[in-house]
Visitor: 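Please see the structure below; I have some questions.
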Amino acid sequence: MPELTENTKELRIVGFLCNWCSYGGADTAGVGRFIQPTDLRIIRLPCSGRVNPLFIIKALMSGADGVLVSGCHPRDCHYAEGNFYARRRLEVFKHLLPVLGIDRRRFEYTWVSASEGPRWQKVVTDFTAQIHALGPAKFFADAPELDFLKAGEGVMQP
Amino acid sequence: MTTGKTFAYYPGCSGSGTSVEYDKSSRAVCEALGIRLVDLPDWNCCGSTPAHQVDHVLSAALSARNLAQAETLGLCETLTPCPSCLKNLHNAVEHLREPGFGARVNALVERPLTREHSVKSVLQIIYEDVTPEKVAEKVTRTLNGLKLVPYYGCLMNRPGRSMHFDDEENPQALDKLMRALGAEVLPFPLKQECCGGAMGVPDNRITSRLSGRLLEYAVSLGADAFVVACPLCQMNLDMRQAQAGDYYGRGFNLPVFYYTQLMGIALGLDKTRLGLDKLIVKPAAALAKIGRKAKEEAPAASGAGRTAEAEVEA
Amino acid sequence: MKIGVFICHCGSNIAATVDVLKVVESAKSMPEVVYAVNSMYTCSEPGQQAIEEAIKERGLTGVVVASCTPRMHEPTFRRTVERAGLNRYMFEMANIREHVSWVGKDKAANTAKAVDLVRMAVEKLRLDKVLIPKFIPATRKVLVIGGGVAGIQAALDCAEGGMDVVMVESEPSIGGKMSKLDKTFPTVDCSSCVLGPRMVDVAQNERIELHAYSEIASISGYVGNFDVTIRKKATYVDWDKCTGCGLCTEKCPSKKSYDRFNEGMGETTAINIPFPQAIPKKATITAASCRLLSGGKCGVCAKICTSQAVDYTQKDREITVKVGAVVAATGYDLMDWTVYGEYGAGRYPDVITSLQYERLLSASGPTGGHIRRPSDGREPKEVVFIQCVGSRDPSVGRPYCSGFCCMYTAKQAILTKDHIPDSRSYVFYMDIRSPGKGYDEFTRRAQEEYKAQYIRGRVSTVYPKGDKLVVKGVDTLVGEQVELEADLVVLAVGGEASQNAPKLAEKLRISYDGYGFFMEGHPKLKPVETNTAGVYLAGSCQGLKDIPSSVAQGSAAAAKVLGLLSKDKLESDPQTAGVDVKRCVGCRKCINVCPFGAIREVDMRGQIKAEVIEAVCQGCGLCTATCPQGAVQLSHFTDNQVLAEVEALCQS
């Protein structure tokens with residue numbers, strides 16, 4: 001592998017895509033040779049409504065730097081209403097991320113139809129840029145030891 | 001009817017030269033409608049057509065400087081009667097939003113713009129903010145009996161994506177305003193066809209051919225006069241009317257009013273403020289038509305006050 | 001598990017930007033992988049044979065193929081592994097073409113990405129379970145939506161194949177756009193002579209049940225078992241009694257109703273039969289124009305009708321039918337050309353659309369086939385045709401070519417000369433697009449034999465002058481402006497997806513593109529299928545096309561339907577949800593979210609438990625994501641499988 005500089009080093013981005021629209025849209029982008037950044041890996045699901053927020057947390061806590069969910073446009077769901085459930089669930093979930101100490105910009109959800117190859121290219125390019133702007137996710141091991149902990153002060157007693 | 005709002009006013013070069021009557025009558029009408037105008041201090045030429053043919057940054061900078069002058073007045077809404085000035089102001093506002101371009105423009109002007117500006121023509125403010133309905137209420141001398149062809153010219157509404165005014169291909173502002181004054185407005189399909197623009201300088205056969213075509217059509221419709229909103233159109237149709245007549249081997253005698261002059265008459269403004277004497281094709285015969293139809297056909301029906309005929313003709 | 005991994009070169013499609021051998025090497029070290037190999041074209045016969053041999057020789061119990069999208073060849077490879085004795089669900093694909101080699105240029109990055117995708121597939125496969133499809137009974141009846149030429153063809157072919165057909169048409173008569181045409185290109189055949197008998201066949205075929213002036217209210221169910229609700233719009237005439245004698249249309253005093261069939265070129269009566277060859281030939285009252293129905297006094301038609309068919313109290317009513325498959329053939333609409341202010345935007349009566357011109361040309365049209373200007377009834381001598389009005393024009397959001405306008409314009413120029421020998425036709429065009437059997441010869445005939453003058457360029461403005469229309473444009477071949485004085489201007493208005501297409505797509509749960517055209521299953525290999533099993537497409541609803549192509553698609557869709565319903569029972573997809581009763585707490589959340597009513601409540605020794613009705617389950621997984629207990633799991637997409645994929649990706 002050639003040397004990658006710090007700036008261009010690939011980050012780990014997980015995509016959960018519904019089979020009928022967005023996975024097809026990503027295929028359409030491929031057929032049209034719409035060049036994209038290579039960071040994203042796609043997991044194929046039947047429907048965006050199949051996405052359990054647990055999957056996203058698991059990804060982010062296991063080392064993913066960003067997670068993208070993409071489904072059919074609202075009203076166009078192959079299963080009639082799966083993406084409506086996804087929309088509600090994921091919107092609420094997004095607000096929960098900071099509580100977990102995760103920057104909410106590391107997670108996005110969007111809608112791309114099977115015909116929207118160029119749109120998929122834009123979604124991937126923009127989201128990848130957004131994650132690169134945030135840089136690699138931080139983990140406990142990376143955190144500097146806090147001064148007050150060193151000194152053993154200010155630790156709340158039960 | 002109006003908010004009594006204050007606007008920065010940019011008369012443009014024509015307004016202090018070939019179209020003083022447009023400038024004068026625009027000010028008079030605005031005053032009557034409660035639109036307060038404050039002149040831009042030390043304004044400069046917008047660059048008209050030549051500037052943007054040479055350099056887009058230069059063209060934008062000329063307009064940007066004028067807008068910066070508006071900021072010294074604490075204003076960010078600028079009006080101009082001239083469509084060509086307006087187009088350059090619109091272009092500047094639009095292009096300044098592009099980061100790279102904006103920086104190059106700001107490097108040329110002393111005082112970079114700090115605010116988002118809105119620019120409109122006087123016509124647009126009267127049409128959209130005052131509205132023809134409210135203008136009709138203020139009419140004291142209806143223009144009943146006067147048959148007009150409205151002529152908008154190339155620039156007033158086009159391109160739609162940057163002028164943001166009226167219908168791009170079939171504008172109605174002048175039509176409706178003139179109807180509000182009581183005039184009869186004839187359907188004029190050439191209302192946006194080119195008059196020849198500035199081509200009169202290098203080769204007046206072009207303006208003669210193009211303006212003459214407009215004149216011929218207007219005559220064929222039985223018009224008494226043109227009503228326009230652009231100084232250059234007015235000049236080609238009025239001052240060069242004889243040239244166009246020669247080109248087509250016929251005579252024309254069709255006065256070309258600025259819409260503000262006709263509004264002034266209908267609103268009963270002091271005629272010395274309307275500059276009717278500056279028109280080259282004399283308007284007396286056309287103005288004499290005012291009220292005639294009303295008198296002949298419906299003597300009792302005139303509810304909008306007395307007609308303007310006697311006074312203006314005097 | 002003994003897993004075999006096959007990495008496809010796809011010629012140079014993958015190998016050009018992915019180091020295939022490196023992916024093979026990496027795959028060899030993945031858990032439970034006992035065999036990994038590259039293959040030039042995995043989907044080819046030797047490629048598939050290699051998989052079969054490897055399964056047999058090496059005792060593989062699971063297979064991963066890394067090649068193109070599973071939306072293309074997953075069914076192909078499932079059959080391959082099945083032939084070698086494996087369960088077809090012990091198979092996974094990694095999409096290293098559409099999602100890797102075709103969208104990334106950096107070979108090293110692509111290779112790393114391909115390795116990750118293969119690893120994810122392996123991890124998912126390790127948790128795959130053997131699934132056995134079930135068989136579900138199917139209704140051997142097809143619903144054809146739309147009675148244009150494509151729908152007619154599909155319906156007749158299905159009926160010919162012994163299938164019962166329900167046809168739904170929104171207008172009072174079938175026939176679609178083709179019934180409005182005077183002649184057809186490139187043979188100048190009479191349109192109604194070609195189509196008319198086919199329409200009669202529909203009416204007379206005992207297997208076809210026709211519902212004209214009706215709409216689809218709702219569709220539920222799934223392949224083999226769709227439940228369709230059809231709304232029959234009120235016609236105010238009992239069609240069982242109406243004989244189509246037309247007496248009412250002669251006596252109706254309200255004669256100013258907009259004539260939809262004639263595209264507004266004439267006026268019709270409030271009670272009317274759209275055209276002489278209408279199928280069904282029954283009268284319909286346009287309520288808005290009817291004096292009695294709009295509140296006045298009249299009742300003439302009821303009095304005159306000899307069979308007492310008129311019923312002013314009629315209301316819309318709904319009927320339900322069960323079908324096994326659906327063919328959507330809803331056609332197209334003309335785009336709204338009045339966005340073109342430069343052509344008069346509907347202000348000048350003598351600027352008309354090509355479809356309006358067809359009605360003027362037609363012997364059954366409002367002028368009896370004599371070309372007369374709408375404004376003054378005069379015969380035009382100079383006719384200007386403007387092509388690409390609403391086609392190939394991004395400025396009005398219609399960047400696509402409508403495909404048929406060049407041809408019908410040539411036809412109309414020819415017909416103009418036929419009708420009025422001393423006339424002259426001018427055609428403003430951008431390019432002449434005439435690929436098709438005999439098509440280019442036809443456009444040449446229009447120019448050479450019929451002397452239509454073709455001018456390559458656009459028109460900038462049309463305006464009236466006296467009783468003429470001045471057309472200003474440019475001739476780009478000569479490089480000069482052109483100005484013509486025309487008596488009549490005909491706009492070759494492009495087509496667009498019919499207005500209700502997106503709504504119908506939502507009911508059918510099929511995809512449509514940004515313009516509203518329905519998406520085919522695959523642009524090359526599944527031109528009449530959709531991604532929803534049992535729903536097929538025919539005609540211009542899938543994309544604009546001319547009559548021969550529409551007919552071909554109608555027949556193709558019929559062949560698909562006949563193939564699908566050739567058996568009494570259909571194999572169901574076993575990738576459905578299942579409930580672990582030990583974990584289920586009977587909270588009913590899954591029952592509430594299921595869009596298909598596929599989960600029911602059962603009593604198990606006094607406890608409430610959820611149960612999936614496998615034949616109804618469509619496999620969306622909504623229930624799985626909703627269940628707070630993880631008790632409902634979607635086979636092949638279980639929580640553990642998805643998490644294994646996440647793990648494979650994040651831990652690598």
Side-chain angles (χ1 to χ4, degrees), chain A residues 1-2 4 10 12 14 16 18-21 23-24 26-47 49-56 58-64 72 75-82 85-86 89 113-116 119-121 124, chain C residues 68-72 93 95 97-106 108-113 116-117 120 124 220 502 505-507 509-515 517 519 523 531-532 575 593 595-596 618-622 624-626 630 634 636-637 639 642-643 645-647 649-652:
Chain A
M1 238 165 120
L4 289 172
E10 242 184 40
R12 212 180 300 270
V14 184
F16 295 99
C18 83
N19 177 55
W20 304 100
C21 293
Y23 197 93
D27 284 351
T28 306
V31 173
R33 313 299 199 274
F34 295 118
I35 300 300
Q36 304 153 26
T38 49
D39 312 45
L40 176 86
R41 314 282 192 255
I42 293 168
I43 294 178
R44 178 182 174 223
L45 295 173
C47 179
R50 172 68 189 91
V51 175
N52 189 328
L54 173 73
F55 301 161
I56 302 162
K58 179 77 177 171
L60 289 169
M61 295 183 67
S62 308
C72 305
R75 298 170 62 86
D76 291 351
C77 178
H78 182 76
Y79 302 104
E81 52 201 38
Y85 286 101
R89 201 177 272 151
S113 82
S115 65
E116 292 177 320
R119 179 169 152 73
W120 175 250
Q121 179 189 38
V124 174
Chain C
C68 50
T69 172
R71 284 162 54 98
M72 178 115 128
M93 268 181 102
N95 182 350
R97 193 178 73 172
E98 280 83 349
H99 291 189
V100 180
S101 71
W102 277 351
V103 294
K105 281 182 171 160
D106 181 335
N110 279 355
T111 305
K113 187 173 173 183
D116 278 353
L117 295 189
M120 283 158 62
K124 180 163 185 251
S220 59
E506 285 157 22
K507 286 174 188 157
R509 299 198 304 277
I510 58 176
S511 308
Y512 54 96
D513 67 16
Y515 305 108
F517 293 113
M519 290 279 289
N531 279 324
T532 299
Q575 296 178 87
V593 297
F596 307 99
Q618 298 295 296
C620 66
L622 264 183
T624 312
T626 305
L634 175 64
H636 232 64
F637 290 97
D639 284 343
V642 180
L643 291 173
E645 287 181 88
V646 170
E647 196 86 346
L649 188 48
C650 294
Q651 300 296 314
S652 65

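Reminder, nothing fancy here: chain letters follow the sequence lines and each chain counts from 1.
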Visitor: Taking every non-hydrogen pair under 4.5 Å, which of C:H99, C:E98, C:M519, C:R509 racks up the most with chain A?
Guide: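 It is C:H99.
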
Visitor: Under a 4.5 Å cutoff for heavy-atom pairs, which residue among A:Y23, A:W20, A:W120 has the most contacts with chain C?
Guide: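 That would be A:Y23.
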
Visitor: Could you go through C:V642 and A:L45, starting from their C-alpha distance and side-chain angles, then the distance that decides it, and tell me whether this counts as side chain to side chain contact (heavy atoms under 4.5 Å, CB included)?
Guide: CA-CA 9 Å; C:V642 180; A:L45 295 173; 3.7 Å; yes

Visitor: Within a strict 4.5 Å, meaning less than it, do heavy atoms of the C:N95 and A:D27 side chains meet?
Guide: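 They are in contact (side-chain heavy atoms under 4.5 Å apart), so the answer is yes.
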
Visitor: Verify the neighbour count for atom NZ of A:K58: are there more than 12 heavy atoms of other residues, nucleotides or ligands below 6.0 Å?
Guide: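 At most 12 heavy atoms, drawn from other residues, nucleotides or ligands, come within 6.0 Å of this atom.
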
Visitor: Answer with yes or no whether the side chains of A:N19 and C:N531 bring together a donor and an acceptor at under 3.5 Å.
Guide: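 There is no such pair between these side chains.
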
Visitor: Please flag which part of A:R89 lies under 4.5 Å from any non-hydrogen atom of chain C: side chain, backbone, both or neither.
Guide: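 Just its side chain gets close to chain C.
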
Visitor: Can you check whether C:V646 reaches A:I43 side chain to side chain, under 4.5 Å on heavy atoms?
Guide: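 They are in side-chain contact.
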
Visitor: Would you find a donor on one side and an acceptor on the other, under 3.5 Å apart, between the side chain of A:R33 and the backbone of C:V103?
Guide: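 No: the side chain of A:R33 does not pair with the backbone of C:V103.
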
Visitor: How about C:L634 and A:P46: do any of their side-chain heavy atoms sit closer than 4.5 Å?
Guide: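 When only atoms from C-beta onward are counted, A:P46 and C:L634 do touch, with a gap below 4.5 Å.
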
Visitor: Among A:C18, A:A26, A:G63, single out the residue with the greatest number of heavy-atom pairs under 4.5 Å to chain C.
Guide: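 Of A:C18, A:A26, A:G63, A:A26 has the most heavy-atom pairs under 4.5 Å with chain C.
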
Visitor: So what's closer than 4.5 Å to chain A heavy atoms on C:I510: side chain, backbone, both or neither?
Guide: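 It is neither, since no heavy atom gets under 4.5 Å.
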
Visitor: Rounded to the nearest 0.5 Å, how far does CZ of C:F517 lie from OG of A:S115?
Guide: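 One finds 12.0 Å between OG of A:S115 and CZ of C:F517.
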
Visitor: In terms of heavy-atom proximity below 4.5 Å to chain C, should A:C77 be classed as side chain, backbone, both, or neither?
Guide: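 Contact with chain C: backbone only.
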
Visitor: Over 60° means perpendicular and under 30° means parallel, so classify the ring planes of C:F596 and A:Y79, tilted if in between.
Guide: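 Geometry flag for C:F596 against A:Y79: perpendicular rings.
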
Visitor: How far does CD1 of A:I35 sit from CH2 of C:W102, to the nearest 0.5 angstrom?
Guide: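 Separation between the atoms: 11.5 Å.
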
Visitor: Please classify the contact between C:T626 and chain A as side chain, backbone, both or neither, with a heavy-atom cut-off of under 4.5 Å.
Guide: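 Its backbone and side chain both get close to chain A.
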
Visitor: To the nearest 0.5 Å, how far apart are CG in C:D639 and CG in A:N52?
Guide: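 Output value for this atom pair is 5.5 Å.
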
Visitor: What residue, out of C:N110, C:T111, C:V593, C:D513, has the most heavy-atom pairs lying under 4.5 Å from chain A?
Guide: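 Answer, by heavy-atom pair count under 4.5 Å with chain A: C:V593.
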
Visitor: Against chain A, label C:L117 side chain, backbone, both or neither, depending on which of its atoms sit under 4.5 Å from a heavy atom there.
Guide: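 Side chain only.
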
Visitor: Which residues satisfy the disulfide bond (SG atoms under 2.5 Å apart) test with C:C68, sequence neighbours excluded?
Guide: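 For C:C68, no residue satisfies disulfide bond (SG atoms under 2.5 Å apart) once neighbours in sequence are set aside.
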
Visitor: Side chain, backbone, both or neither: which part of C:V100 has a heavy atom under 4.5 Å from chain A?
Guide: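 No part of it gets close to chain A.
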
Visitor: Report the option among A:A80, A:S113, A:G24, A:C21 that has the most heavy-atom pairs separated by less than 4.5 Å from atoms of chain C.
Guide: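 When all of A:A80, A:S113, A:G24, A:C21 are compared, A:G24 has the most.
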
Visitor: Distance-only, no hydrogens or angles: does the A:R50 side chain make a donor-acceptor pair with backbone N or O of C:C620 under 3.5 Å?
Guide: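 Pair absent, no side-chain N/O of A:R50 close to backbone of C:C620.
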
Visitor: Is it the side chain or the backbone of A:V124 that comes within 4.5 Å of chain C heavy atoms, both, or neither?
Guide: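 Neither the backbone nor the side chain of A:V124 comes within 4.5 Å of chain C.
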
Visitor: Once you round to the nearest 0.5 Å, how far does NZ of C:K113 lie from CD of A:E10?
Guide: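 Rounded to the nearest 0.5 Å, the NZ-CD separation comes to 8.0 Å.
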
Visitor: Quick one: closest heavy-atom pair of A:G49 and C:A625, and the distance?
Guide: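 In terms of heavy atoms, the two residues are closest at O-CB, 3.2 Å.
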
Visitor: Among C:M120, C:K105, C:R97, C:E506, single out the residue with the greatest number of heavy-atom pairs under 4.5 Å to chain A.
Guide: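 Top count of heavy-atom pairs under 4.5 Å with chain A: C:E506.
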
Visitor: Which one, A:R41, A:E81, A:H78, leads in non-hydrogen pairs under 4.5 Å with chain C?
Guide: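 Greatest number of close heavy-atom pairs with chain C: A:R41.
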
Visitor: Quick one: are C:C650 and A:V14 in side-chain contact, heavy atoms under 4.5 Å?
Guide: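 Yes, at least one pair of side-chain atoms sits under 4.5 Å.
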
Visitor: For A:C47, what residues pass the disulfide bond (SG atoms under 2.5 Å apart) criterion, not counting sequence neighbours?
Guide: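 With sequence neighbours excluded, A:C47 shows a disulfide bond (SG atoms under 2.5 Å apart) to no residue whatsoever.
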
